[in-house]
Amino acid sequence: MSTDLLRYDRMVEAALRRVVRDALREVQEHGLPGEHHFFISFRTQYPGVRMPEFLRAKYPDEITIVLQYQFYGLDVNDERVEVTLSFNGSHERLVVPMAAITTFADPSVNFALQFQPPDEEEGEDVVDEAVEEEPAPAEGEDEDAPKQGGTVVALDAFRKK
């Protein structure tokens, strides 16, 4: 069995994180087009995350923010995303390293990327999974009924064992 000297897992992760960065940069420069909007989940304890302490207390592990109607001062670079959002009527600045992001979704086009947190890989670098989210069944809806929607694309087969 050959050793993966090229580390395709790292290449895939970097490419998928560039998709997130490029989408956010597009919005930074031109605003959100049409019905596009983003759900971004990130690890609140990740090094470099800056957020108000009241939010960190309420969401000690992970938080999901929405960039849709009221966000200000979006600033994106290769390492981080900065944005001001309103929480309880108060504007708060968030700084999120790209590596802290665990999910990025644009429900308007049924697109999502999910990233594995680094600590779940026992010190190994992270491999991303591209996932199209399926909503939870509504109350009274048959969970076994066929579901409409996209296909889940898992990149597990490319992980270094």
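Position 1 is the first residue of the sequence, and the numbers go up from there. Keep in mind that this is a model prediction, so the values were computed, not measured.
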Contacts of type side-chain contact (heavy atoms from CB on, under 4.5 Å), residue Pro97, not counting sequence neighbours: Tyr46, Val49, Ala100
Angle class for the His91/Tyr72 ring planes (parallel below 30°, perpendicular above 60°, tilted otherwise)? tilted
May I have all residue pairs that pass salt bridge (charged side-chain N to carboxylate O under 4.0 Å, His left out) and include part of residues 81-104, sequence neighbours excluded? Arg80-Glu82, Glu82-Arg93
Check whether Thr64 reaches the backbone of Ile40 with its side chain - one donor and one acceptor, N or O, closer than 3.5 Å. no
Using the side-chain contact (heavy atoms from CB on, under 4.5 Å) definition, which of the options Leu67, Asp106, Val27 pairs with His36? Asp106
Between CE on residue Met98 and CG on residue Leu24, distance to nearest 0.5 Å: 5.5 Å
Please list, chain by chain and in numerical order, all residues satisfying side-chain hydrogen bond (donor to acceptor under 3.5 Å, both in side chains) with Asp78, sequence neighbours excluded. Arg21, Arg25
Supply the atom-to-atom distance Thr103 OG1 to Phe39 CZ, rounded to the nearest 0.5 angstrom. 10.0 Å
side-chain contact (heavy atoms from CB on, under 4.5 Å) assessment of Phe71 paired with Leu94: CA-CA 11 Å; Phe71 63 94; Leu94 304 177; over 6 Å; no
For residues Gln28 and Leu74, report the shortest heavy-atom separation together with the two atoms involved. CG-O, 3.4 Å
With rounding to the nearest 0.5 Å, note down the distance linking CZ in Arg17 to CD1 in Ile101. 6.5 Å
How are the rings of Phe111 and Phe104 set to each other: parallel, tilted or perpendicular (split at 30° and 60°)? perpendicular
Reported CD-to-CD distance for the pair Gln45 and Glu62, which is rounded to 0.5 angstrom: 12.0 Å
Can you tell me how far OG of Ser90 sits from CZ of Phe54, rounded to the nearest 0.5 angstrom? 6.5 Å
Are Val95 and Phe42 linked, directly or through other ILVMFWY residues, by side chains that come within less than 4.5 angstrom of each other? no
I'd like to know whether CD of Glu35 has more than 12 heavy-atom contacts from other residues, nucleotides or ligands below 6.0 angstrom. no
Could you walk me through whether Val83 and Asp75 pass the side-chain contact (heavy atoms from CB on, under 4.5 Å) test, one step at a time? CA-CA 6 Å; Val83 67; Asp75 183 25; over 6 Å; no
Is there a path of hydrophobic side-chain contacts, each under 4.5 Å between heavy atoms, that joins Phe38 and Val19? yes
Rounded to the nearest 0.5 Å, how far does CG of Leu85 lie from CD of Gln68? 12.0 Å
Considering all heavy atoms of both residues, which atom of Pro60 and which atom of Thr44 are nearest to each other, and what is their separation? O-OG1, 2.8 Å
Flag side-chain contact, heavy atom, 4.5 Å: Arg43 against Asp61: no
